[in-house]
Amino acid sequence: MGMAVVGLSMGTVACSDMLDLKPQGQITGEQIDTTAVSALMASAYAGLECHFFGNNESFAGPITNWVMDVRSDDAYKGGGGVSMEANIHQLEVNNINADNATCLFKWENNYYAISRVHKAMNAIENSNLQDKAALLSELKTLRAWFYFDLNRVFKNIAYFDETEDPNSKTTSEFTKAEIYDKIKQDLKDAYANLPETQTQAGRFNKYVAAALMAKVCAQTSDWADVITYSDAVINSGKYALYDNYGDMSKLAFNNKKEAILAIQFSTANNNAHINYNNLLNTTYSDGNLFGNGDDFFLGSQNLVNAFKTDDNGLPYLNGNAPTENVSETYEGNVDPRLDFTVGRIGFPFRGHLYTKGWCRAYDVYGEYSGKKGLIDPSSADMVQGFPWGASGLNFNLIRYADILLLKAEAEVELSQNMDDARSLVNQVRQKAARSVDAQYTPVDLDPNKAFYAVGLFPATGWTQDYARKAVRMERRLELAMEGNRWFDLVRWGNAVSTVNDYMKSEAKLRTYYDGATLSEDEVYLPVPVSEVDNSHGLYK
Amino acid sequence: MDNLKKVFLSFMFFMMVCGVANAQKSIASGTISDGSGAGVIGATVMEKSSANGTVTDMDGNFKLEVSRGATLVISYIGYQTIELPASAGMKVTLKENANDLNEVIVTGYTTQRKADLTGAVSVMDMKGTMSEADPNMLSSMQGKLAGVEIVTDAAPGSGSSSIRVRGMSTINGNDPLYIIDGVATTENLNSLNPADIESIQVLKDASSASIYGSRAANGVIIITTKKGKGNRLTVNVNYSASLQTVAKTYDMLNAQQWGEAYWTANKNAGIKPSHPFYGSGDTPQLVSTLSDGTPVADTNWQDEVYSSAWTHNLSASVQNSSERGSMLFSGNYINQDGLMNETFFRRYSVRVNSDYNISKYVKVGENLMVSQWSNRGYGTQDDRGIPYTAMRQHPAIPVYAADGTFANPMTLAASDIANPVQVLYNGRDNDNASWRIFGNGYLEVYPVKGLTLKSNLGYEHVQFNNKTLNRKTQSSDVTSMSRAFGEGDTWTWTNTANYILDLNDKHHFNFLFGTEAIKYRYDNISAFRNQYAFEDVDYMQLDAGEGTQTNGGGQSEWALFSLFGKVDYNFMDRYLLSATLRRDQTSRLYKDNNSGIFPAFSAAWRISEEKFFPKNKVVNDLKLRVAWGQNGNSAISNNYASYTTYAYDQGNGAYDLNGTNNQTVAGLKAAATGNKDLKWETTTQTNIGFDASFFDQTLSLTFDYYWKNTHDMLTVPPTLAVAGENAAMWMNTGDMENHGWELNLGYHSPQYGDFSWNGSLNVSQYKNKVKKLNDFVTTIGGDYRLIEGQPMGVYYGYVYDGLFQTEEQVANHATQEGKGVGRMIFRDLDGNGTIDEADRTILGDPNPDLSLGLNLDLNYKNWTLSTFFSGEFGFDIYNTTKRQLLFMSYGGTSTNRSADILNAWSTTNTSSTIPALSVVDNNNEMRMSNCYLEDGSYLKMKYIKLAYRFPASTLKALHATALSIYGQMENVFTITGYDGLDPEVPLSSYGSRIDIGPYPRSRTFTLGVNLTF
């Protein structure tokens, strides 16, 4: 018995120490202090990468919104067949259920990002830092983007700020308009408090806030504000159009010229920070130049045909375009931006001849593999092997040409300064015109084979009606496959008619569109069913 | 433990012999054998009504000086005790006992006679048929114990076999606690040599298990290893060789059939067919060479990936014992090659068990096992795993290209499904090497009569050292190598005092008090580097790589401190009472909230010992038992669940704030959300049962009924995305309920001349119900899920109502996007005219309605024929492979399908149940529906074994004491309606049974020899 007593007493003495074990390799919530703020800010910005956990979550709910381009008349899903990434096929044919993976991942990615923003905000507010307002403004701009993305994608969303309990919020508390107002308030605050420049290139200055404000105001047709905030960006003198359209796909132009709101991708940490949103969207590339790309996200024939230009180098805006599809043998004029946007059989693709062998499922999806996210494969900056075609190329959520065109659109809609509107559109077209250069590497154009023609809109005939068509077409061409088209159609109010017409005509080439329709009710994605199920009735 | 008893008895005998000096003596002698004629070692031979006795030697012989005219009482555990007049040259045959009440059962920290048990304890029959080819004891235990459900893993080493005692008491870890020679562990049994095991007992109910407190809710499996015995040096060698053969493969399309099916599937979808292997004509024209010039093939990929494989199993032991103590030394080598090429499990293990009686007051002892094993497995239960790939790789692709390198489906067929033969070959040097040291040392002191003080120090060390080479499968790949090293150490220090008190020969008390301290520490490091100039195994070392290098690692700890006590009271062997109390404190819970108390009470009434109970030949023993108790479960994956934590990382929390394109700034993100109120989940169990034996104890019967309620079940309630990442935390929110019954029947026939037989049957049933999950949701999961009011793991989805046969039927059906003739009909359950999420319902249940095990042994002269059957009935399997096997729209454009689809629905074949072939799935037929559920009921003949023991004449010539040879067949046949390869599929989350291409099961043929000197 003595031994047991000894054992007992030793054990009792030992147990209080023995049982007090702390987490290893992590800090506890109580240890968050001022020094943690900058790291919390970094993780909040990292929310832009949309790569919180798995790769599927990133490419099926991408911040680049390529899956929303697939919903529009601009792009096909692509890949090896319609059954691959079936949920994106369902988006393409607008057969959308609330259990579609894109609904869930889009929702989760944005709210996870907002949660990081709020954690950083709370740490700043509890810190002894001097200039809290500027830091909070960066975070408000981030938050504004994530709510903006949610509000224009989903039927209804929950809105809350850093002081509120997110678990108590419903999706019916605020209307879309009220949420846009909250987003604008954040951006106004941010614009007022942010510096003109940041020492770290990836952090937001006040013009990022202004550019986003212009975009949000365009969404709500507040045209006067669009002009005010576009002007703030334009007059800052910090931005300019690229010399060559192809510059957007070069690492050297990361954070330069047109880059306003950019996601800083990088090859750090064994490629954990490349653009996983576009992971699938690498051309299949005969000869393995880009590895074995999955060849998702192809331009539609309808988009390619939109690049046709007339004898004056102007797009066909009155439905009078030649009926022949643009192809290798098309003899009409085309806008050179076509060959910077998609691969085309018989034409150069980043300096290499693009052939049918590059097309993974030619019979199903045709040939127009998207180009914009791929750098020169012979560049030392391109990652070899998996993840295919990856690099540190940034993705611009807002670039300068977008702002110029938004301002032009606002002027047209208000029918004021129409000449300025025309001049803004023409600036963008001049960039296209000066990009016709067969020597500029990597080579993407073949002026000996294609009839590149891009001209400027003359003053004659520049009525409000014509100008509206011109601006809208210019947005389609300039920003093709950059995640804008669907949202433009929605805000113009013609998504349903445009996409239904498109699916009907495109079904001649792409039989899987047969019988597909889009209804008004399907324009916005439903709240993911699993979130509704878990919400205790908060979500509808 | 029974051998300990024998050592003790022989020790007593020597003490007594010293006092014998009387005249009028005669010598009794003879041989004691069992029903088969083999000598019984260690049987007790006592002169009736005296303390005079002996035990038999290795050959079953005894010699004893007795009073003239004496009667001998001969007894041996497991056999009926008999009384015979003493004489010289006696030939005694013992009859096996179906229910030996004197059998000693190891329970918590002590032992009890079977007759004294008040709880529900199952004892494994260690003489039954065991797997010879499988290194893991769990495989041999399958079906043997009522209420213990084991689903085996067919991969070499059976590392993922699962074991459930009395169903599932929680949605968390349901693995039982193992107690090996008194030391608790939760490690896999695959390091343990089955030949070293003396006995296995399962403490099933709360009253018997509650002495193990917070870790005992899932049952406790007590394993005792062999000790030296026999009073003489004994050497035993067992060797067996087993040939494992592929039991079943899928019947897939050949290359020509594939083209035809693909053409049909395209045309049905309105798409012009075209495929690099078959052209783009009106009919598929299989090309003669593929794009790289390789001749097209007609490959049966399953044949390329699987082949028959051998297991060699060699065990040897040396043992001895005397009044001073005992020792046993054993060694084991087993090499199990897998059916899947390049896979194997190989183990070396040694054991030294010994004890030494320093004086009559002090004893020391130890048990030590050192085991080293390595294995190479490959992804299974995964649609990218090898079995799945072997099933679906395209038949036109050859294994090797024309230039002798591996054919690459990724370039040949624009496929993303690798060449499985190449994957296996590329991994040929991968290695997962593990060590386990497990043992204990103890000191026992007997200061006064009836009192035993024991201090036991247990130690467990488990380490792994893994090496994975990623060789190129195509030129654009980058070679890389990763290493992982980890170790876990557990110290267990247990101190107990056990006092046995007998008053007036009527009142028997057994008091037990103890303390236990357990500390666990885990440590791991990992490293990775890429870009190797050569793919040579010797070259590919971390230092030799030229590319990116990364490392990782961490540590984790937990500790447990416990106090416990138990009192057993026995009145005249009629009334048995027992009470247990244990208090556990753990590091895993917040310090103000870290203790839990687990009580248990039980009672038994041996009616057959009552005076009023008539002595009769029919009912020999009858005992009623009732028990109540509580156990805990701390099976949460987070050792620090009370802490909210943040982690700095360079992973997805980091960002290139500086715009460098190749560097990031580390970010800080939420890692875990803590709960300071967290406590144990508690399972309360009530058990009633009875034990009976009949007809001279030839027939035994045990029956138990139990109710098991789990409260404060630990769950991780789902969080909304708005709460951010890692917002989920462990909470005590759920309730679960199980009830069920178990029946055990055992029979030993009388000796009919040279023939006898025995059999045992166990049948069990449980009903599981999730009563409550948490305050947030009433259901968790997707295709299989937890739903309040339902059993765990029910399948959930749409009701599939066959195929549309006519356009009219299509038109009259509810709105179902993509519907058409030949397509699947989904039921509009809510009748709202649209097929939507609201039409989903519960489709099936993975929990069996009934489980059984049946053992039959036939003995004739020196021959024994043993068979063993196991079965589970009334459960559903979610067969995900059907999506690949039956649908052309699933799994990419260049993967294979079942040959069954040649019979798919068409306008001319409308009786088919397979939907019309199509490359598109506009009807969303991949959605979860009962199309993918099948009844998994099965009855398997697990073993059939024929053994022959050589007669004494042969043995003499060999100077051996025993020699037997045997042949055995495992997985002989399965009676089932299940379409997949085998209805025994591994348990997935929530106990669901999902077939995603598990490791294929073998049919095994074994020849073996067992020799004792």
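Numbers restart at 1 for each chain; the letters A, B, ... are given by sequence-line order, proteins then strands. The structure presented is a predicted model; accordingly, all values stated were derived computationally and were not measured.
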Contacting region of Asp99(A) [heavy-atom separation from chain B under 4.5 Å]: both

Under a 4.5 Å heavy-atom cut-off, does chain B meet the side chain of Asp363(A), its backbone, both or neither? side chain

Among Leu21(A), Val82(A), Thr267(A), Thr28(A), which has the most heavy-atom pairs under 4.5 Å with chain B? Leu21(A)

Checking heavy atoms, do the side chain of Thr586(B), its backbone, both or neither come under 4.5 Å from chain A? backbone

Qualifying residue for side-chain hydrogen bond (donor to acceptor under 3.5 Å, both in side chains) with Gln816(B), from Thr834(B), Asp836(B), Asn923(B): Asn923(B)

Top residue by heavy-atom pair count (under 4.5 Å) with chain B, among Glu49(A), His89(A), Gln384(A)? Glu49(A)

Part of Ala723(B) within contact of chain A (heavy atom distance under 4.5 Å): both

Heavy-atom cut-off 4.5 Å, strictly under: side chain, backbone, both or neither for Asn534(A) against chain B? both

Specify the closest pair of heavy atoms between Ile274(A) and Ser391(A), including all atoms of both residues, with the distance to one decimal. CG2-O, 3.6 Å

What part of Gln198(A) gets within 4.5 angstrom of chain B, counting heavy atoms only: side chain, backbone, both, or neither? neither

Below 4.5 Å from any heavy atom of chain A, which atoms of Ser291(B) appear? Answer side chain, backbone, both or neither. neither

Counting only heavy atoms closer than 4.5 Å, note whether Arg116(A) contacts chain B via side chain, backbone, both or neither. side chain

What part of Lys169(A) gets closer than 4.5 Å to chain B, counting heavy atoms only: side chain, backbone, both or neither? neither

I want to know whether Tyr45(A) and Phe204(A) have ring centres closer than 6.0 Å. yes

Is it the side chain or the backbone of Glu30(A) that comes within 4.5 Å of chain B heavy atoms, both, or neither? side chain

What's the shortest heavy-atom distance between Gln884(B) and Gly891(B), and which atoms? OE1-CA, 3.7 Å

Tell me if the aromatic rings of His273(A) and Phe265(A) count as close, with their centers under 6.0 Å from one another. no

Max heavy-atom pair count under 4.5 Å with chain B, selected residue of Asn255(A), Ile157(A), Asn167(A): Asn167(A)

Structural part of Asn662(B) lying under 4.5 Å from a heavy atom of chain A: both

Is it the backbone or the side chain of Ile518(B) that comes under 4.5 Å from a heavy atom of chain A, or both, or neither? backbone

From the list Phe160(A), Tyr512(A), Tyr276(A), the residue making the most non-hydrogen contacts under 4.5 Å with chain B is Phe160(A)

Before we go on, tell me: are the rings of Tyr112(A) and Phe53(A) under 6.0 Å apart, centre to centre? yes

With ring centroids as reference points, do Tyr520(B) and Trp558(B) lie under 6.0 angstrom apart? yes

With chain A, which of Leu720(B), Asn924(B), Asn498(B) has the greatest number of heavy-atom pairs at distances under 4.5 Å? Leu720(B)

Pick from Ala39(A), Gly47(A), Gly79(A) with the largest number of heavy-atom pairs that fall under 4.5 Å of chain B: Ala39(A)

Non-hydrogen side-chain atoms of Val919(B) and Thr893(B) separated by less than 4.5 Å: no

Ring centres of Trp107(A) and Phe105(A) under 6.0 Å apart? no

Should the pair Asp294(A)-Arg360(A) be classified as a salt bridge under the 4.0 Å nitrogen-to-oxygen rule? yes

Contact origin within Gln474(B) toward chain A - heavy atom pairs under 4.5 Å: side chain

Side chain from CB out, backbone as N, CA, C, O: work out which of these in Tyr646(B) comes under 4.5 Å of a heavy atom of chain A, or both, or neither. both

Under 4.5 Å from any heavy atom of chain B - which part of Ala262(A): backbone

Under 4.5 Å from a heavy atom of chain A, the part of Leu560(B) involved: backbone

Structural part of Phe528(B) lying under 4.5 Å from a heavy atom of chain A: side chain

